[in-house]
There are 2 protein chains.
Amino acid sequence: MVPTRVSTREAVLAAVRLFTAEGFDSTTMDGIAEATGVSRRSLFRRFGSKEDLLFAEHDELFETVVRYMEASPERPMATVVAAARLVFQGYVRDPEITVPRYRLVRAHPRLRDREVAMTARYQAAFSRYLSQHAGGDRPSLEVEVVAAAVIAAHNHVLRGWLRGPEDGRVWERFDGAMARVAGLAAPLLDGDDVPEAGPERVLVAVYPRGIATSDLLRRVSDAVARDD
Amino acid sequence: MVPTRVSTREAVLAAVRLFTAEGFDSTTMDGIAEATGVSRRSLFRRFGSKEDLLFAEHDELFETVVRYMEASPERPMATVVAAARLVFQGYVRDPEITVPRYRLVRAHPRLRDREVAMTARYQAAFSRYLSQHAGGDRPSLEVEVVAAAVIAAHNHVLRGWLRGPEDGRVWERFDGAMARVAGLAAPLLDGDDVPEAGPERVLVAVYPRGIATSDLLRRVSDAVARDD
DNA sequence: CTTACCCTGGCACTGAATGCCACAACCAGG
DNA sequence: CCTGGTTGTGGCATTCAGTGCCAGGGTAAG
């Protein structure tokens with residue numbers, strides 16, 4: 001095993017500094033190679049592309065999170081929330097990278113897309129995990145909505161922190177948001193799809209003529225849910 | 001106004017065909033230029049990049065959807081659901097592009113990221129719209145979760161359709177999923193639904209106990225549609 | 001007709017990204 | 001010690017996406 005010349009973190013840090021100083025587009029891989037002391041060729045080999053370099057340590061975190069979930073076969077929803085916590089911690093613990101990167105991301109649509117892809121990967125991983133532990137072959141609508149909600153809540157709190165990293169109440173905000181989402185998720189992940197045989201029921205709905213069909217369906221959905 | 005040499009749709013269609021035949025990476029912009037009869041330079045000017053070319057008509061749809069929402073100041077949640085319906089329709093109505101593109105997207109991580117960025121744009125637009133109509137300066141946690149849920153439900157049904165476009169029940173599935181999400185959203189969002197005055201109608205439905213909620217919603221939807 | 005505008009195409013150039021090859025460091029087992 | 005396999009590394013050449021610049025041509029307004 002040949003040890004790598006520089007750690008991932010060192011390379012990312014150097015890249016973030018250069019991007020911030022000179023702008024993302026103006027910074028060349030030659031420049032980064034010179035700054036890190038690693039050849040241009042090796043940078044491409046290890047990190048794939050200039051954009052990927054900026055998110056390299058985040059990719060490593062993703063691997064960690066996936067392994068964590070795979071090792072947690074019980075209480076799926078709690079595991080997903082804990083996984084989201086790991087991700088959040090990945091940001092909060094390393095503001096030296098994540099905060100300036102957030103500024104770059106906001107200014108650069110291309111980098112923004114790259115970060116969005118990152119969170120989508122988490123969302124897909126959460127969906128897959130929840131689906132497997134519900135015994136489904138493909139993620140159900142409910143599972144995907146829950147995963148999306150967890151990610152949305154995570155990102156909501158995260159963006160707040162990234163705008164003002166001095167905030168001391170981040171973790172309370174995070175746990176509060178997750179509790180809110182978990183409360184939503186519980187009824188979604190439990191009942192619903194157990195079509196048991198039995199006598200018929202009657203639904204009577206009174207509603208204004210001209211109501212949007214989607215609104216009516218929502219009301220019916222609520223009524224049925226209350227009745228179950 | 002000088003008319004454009006080829007329509008966006010023609011260009012996208014040509015690109016999709018080339019990508020499918022030769023592979024995305026092996027297809028050069030020179031090749032696309034030759035196939036469309038437009039110079040390489042003009043392709044870059046109009047579509048930005050090789051990836052963007054593949055999603056060009058989708059970008060136009062996005063503009064349409066945003067304008068639609070801006071023109072709908074009432075009943076925000078119903079508007080968002082209708083907007084999602086527009087997006088869904090954009091896919092279903094043009095399988096010649098969307099279905100082969102889906103295959104490309106599944107095979108190419110880079111293209112997948114690009115598509116994810118697309119849906120993220122919708123999600124952000126939905127959040128912004130809901131937030132404005134709730135009188136907030138920034139989207140609240142609730143608003144962002146609802147937007148994420150709508151997008152997740154949309155994508156869930158969409159992926160099902162993309163895997164098997166011959167499915168005749170897509171719209172029922174879509175409306176069922178949206179009704180489910182709208183049911184979730186109602187308690188999350190505050191003053192969104194003021195039941196308007198007007199003559200009322202009565203719906204009586206008889207159905208087996210234990211029926212899947214989505215099935216029930218579909219039946220109700222059909223009945224209302226017949227009655228309108 | 002003339003002016004302004006805008007879409008178009010050609011050309012040259014930068015730089016990201018990849019394939020190929022050689023080299024150096026480490027780790028077996030003989 | 002050395003020998004072969006593995007793995008990270010650097011140099012070199014090449015392809016091609018993407019951009020800036022400029023020139024032509026067609027359209028609409030004055």
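This one's a predicted model, so the numbers in the text were calculated from it and none came from an experiment. Numbered from 1 within each chain, the chains take letters A, B, ... in sequence-line order.
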Between C1' of dA17(C) and CG of Asp52(A), the distance in whole Å:
12 Å
Atom CD of Glu51(A) to atom P of dA17(C): distance rounded to whole Å?
7 Å
Nearest heavy atom decides the nucleotide; on that basis, is Arg45(B) or Arg110(B) closer to the 5' end of DNA chain C?
Arg45(B)
Fit a plane to each ring of His133(A) and Tyr129(A), take the angle between them on a 0 to 90° scale, and name the class: parallel (under 30°), tilted (30 to 60°) or perpendicular (over 60°).
tilted
Nearest heavy atom decides the nucleotide; on that basis, is Gly37(B) or Lys50(A) closer to the 5' end of DNA chain C?
Gly37(B)
Give the rounded distance in Å between these two atoms: CZ of Phe44(A) and C1' of dA13(D).
15 Å
Just to be sure I understand the rule, does Thr27(A) reach a base, reach only the sugar-phosphate, or reach nothing, if contact means heavy atoms closer than 4.0 Å?
sugar-phosphate
Less than 6.0 angstrom separating the ring centers of His58(A) and Tyr91(A), yes or no?
yes
When you check the side-chain N and O atoms of Thr8(B) and Glu60(B), is any donor under 3.5 Å from an acceptor?
yes
What's the CZ-P distance between Phe47(A) and dA16(C), to the nearest Å?
15 Å
Which whole-number value in Å describes the distance from Phe19(B) CZ to dC16(D) P?
14 Å
If the cut-off is 4.0 Å, is Ser49(A) near the phosphate of dA16(C), judged by side-chain N/O to OP1 or OP2?
no
Rounded to whole Å, how long is the line connecting atom CZ of Arg41(A) with atom P of dA13(D)?
15 Å
Just call it for Arg40(A): base, sugar-phosphate, or nothing, with non-hydrogen atoms closer than 4.0 Å on any strand.
base
To the nearest angstrom, how far is Asp25(A) atom CG from dT14(C) atom C1'?
12 Å
Protein-nucleotide distance (Asp30(B), atom CG; dG18(D), atom C1'), rounded to Å:
12 Å
Verify the neighbour count for atom CZ of Arg138(B): are there more than 12 heavy atoms of other residues, nucleotides or ligands below 6.0 Å?
no
